[in-house]
Amino acid sequence: MDTARLAAVVLTPPIAQGVLRRRPRVVAAMRTLDADRRAVLLLRDLRDKYGTGPLVAGTQLRPLAVPLSAHDVVRVLDGAPEPFSLAPAEKRGALAHFQPHGLLLSRGGTRETRRQFTESVLDTDHDEHRLTADFTRTIDEEAAFLTERDHMNWPIFADTWWRIVRRITLGDAARDDRSLIGILNRLRSHANWSYFHPRHDSLLTRFQSRVTHYLDRAEPGSLAAEASQCATVNDIRPVDQIAHWLFAFEAAGITAYRALAVLAGDAAAADDRHIRASVLETVRLWPTTPLILRESTTVTTWDKNTTVPAKTLFLIHSAFINRDPATLGTAADRFTPDLWQDPPFLVPFSAGPGRCPGEPLVLLTVSTLLAVLLSRSRFQPSPQPDIATPLPFTFDHFELTFAIGDKS
């Protein structure tokens, strides 16, 4: 019975909403059902019932383990890629639709080479990318489209966000290439079905040809130019990695849009450090990656009573970890940017060897855009998050709108 509840309440809602490409109507339905809160409360109940060790369940497809403590989550994430693979079968089936040779699906020496390439291009080791001046100029120019309006919804914001992303990633020549993202979105919709949907190789070829066009231009001040310069390493085709960068930037845009709603009612919003902490706090409260997956490559032993077989799918529920009262106390469900001065273990960008290499660039891009918008205009969100109270587990960006007025 508990296995059935786990499948119905924890696994089904994020899959139904679309793990790789959100389905707006299903997102709205799950918000009405308060599905995210129900999943977290069920996991808390199961932890009370079974203890803090990994919750091991036998499903019809394969064994499933859910870590229920920060300690066990750390062990799983720090144990990548061995004995906890970053690319379980479900993830391989999904990502193969649009990035079959990407970093996330790589193993062994190939993974190390592609990770090194990605970290070099994205400047992972630095809070500010070496092209920060170029990126800031792009953001400043594109933000004008939003601050000159009197209202904004998600499609309007997303259109501006994608112009910023295309310019940063591929160069100014890609600014208005909406069809490129349209092709990628179609591939991601197929990816929602993982290996249950046939691959559309001709569509993937079209997408890769478009990206290659911009890589060949190698426009100065873009990630494409940086990638072209770093691609001399063996077994690296930049086009194989850029698909994931574009995909990940959409999640960053969702976070930016939600964070703008939170910051609109925050008196401390103008401070750059506060904005950055607020972005992290937004993705803590409303993770854009609801489930982090790993697969055991060997038998693992957790305590004298728990031995987990190889090929077990380990499922880390982001909201459960990020909102755990056992770790955060009364701050678990509240907007608390001060957490990030000395944060406990949280997983807004995963952790361990599989930690998102684009985290610094994402934080830079999102924080810069928010600082520009808030310095120029006044934003009134609807619905308005009440940051003085415990916040809901779901924040549907599709329904969020803004009235925009003069800063004065």
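- Shown here is Arg38, whose CZ atom has no more than 12 heavy atoms of other residues, nucleotides or ligands within 6.0 Å.
- Applying the ring pair (Phe, Tyr, Trp, His ring centres under 6.0 Å) test between His397 and each of Phe157, Tyr257, Trp154 identifies Trp154 as the sole match.
- Residues satisfying the side chain to side chain donor-acceptor pair (under 3.5 Å) test with Arg47, not counting sequence neighbours, are Asp324.
- Residues satisfying the side chain to side chain donor-acceptor pair (under 3.5 Å) test with Arg44, not counting sequence neighbours, are none.
- Under the side chain to side chain donor-acceptor pair (under 3.5 Å) criterion, Trp193 pairs with no residue, sequence neighbours left out.
- Sorted by first and then second residue, the salt bridge (charged side-chain N to carboxylate O under 4.0 Å, His left out) pairs with a member in residues 142-154 read Glu142-Arg163, Glu142-Arg167, Glu142-Arg175; sequence neighbours excluded.
- Between His97 and Pro198 the shortest heavy-atom distance is CE1-O, 3.6 Å.
- Taking both residues in full, the closest heavy atoms of Gly221 and Phe135 are given as O-CE2, 3.4 Å, listed atom of the first, atom of the second, then distance.
- For Arg378 and Asp406, the salt-bridge test fails: no basic side-chain N is under 4.0 Å from an acidic carboxylate O.
- In this structure, Leu400 and Pro383 approach most closely via the heavy-atom pair CD1-O, 3.7 Å.
- A donor-acceptor pair under 3.5 Å is formed between the side chain of Trp286 and the backbone N or O of Pro392.
- The pair Asp159-Arg178 meets the salt-bridge criterion, with a side-chain N (NZ, NE, NH1 or NH2) lying under 4.0 Å from an Asp/Glu carboxylate O.
- Between the side chain of Lys311 and the backbone N or O of Thr298 there is no donor-acceptor pair closer than 3.5 Å.
- Of the options His200, Arg206, Arg199, a side-chain hydrogen bond (donor to acceptor under 3.5 Å, both in side chains) to Ser202 is made by His200 and by none of the others.
- Listed by first then second residue, pairs satisfying salt bridge (charged side-chain N to carboxylate O under 4.0 Å, His left out) with a partner in residues 91-113 number zero, not counting sequence neighbours.
- Summarising the geometry of Ala261 relative to Pro385, their closest heavy-atom pair is O-CD, 3.8 Å, with the distance given to 0.1 Å.
- Taking the charged nitrogens against the carboxylate oxygens, Asp2 and Lys49 do have a contact shorter than 4.0 Å, which makes a salt bridge.
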Q: Test Asp271 against Arg273 for salt bridge (Lys or Arg N to Asp or Glu O under 4.0 Å), laying out the working first.
A: CA-CA 6 Å; Asp271 180 78; Arg273 282 189 184 179; over 6 Å; no
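- Val366 pairs in a side-chain contact (heavy atoms from CB on, under 4.5 Å) with only one of the listed residues (Leu370, Leu363, Thr368), which is Leu370.
- A side-chain donor from one of Thr394 and Asp36 sits under 3.5 Å from a side-chain acceptor of the other.
- Identified under the salt bridge (charged side-chain N to carboxylate O under 4.0 Å, His left out) test for residues 383-396, with sequence neighbours left out: Arg31-Asp396.
- Judged by distance alone, the side chains of Arg284 and Ser318 never bring a donor and an acceptor atom under 3.5 Å apart.
- Using a 4.0 Å cut-off between a side-chain N of Lys or Arg and a carboxylate O of Asp or Glu, Asp140 and Arg137 do not qualify as a salt bridge.
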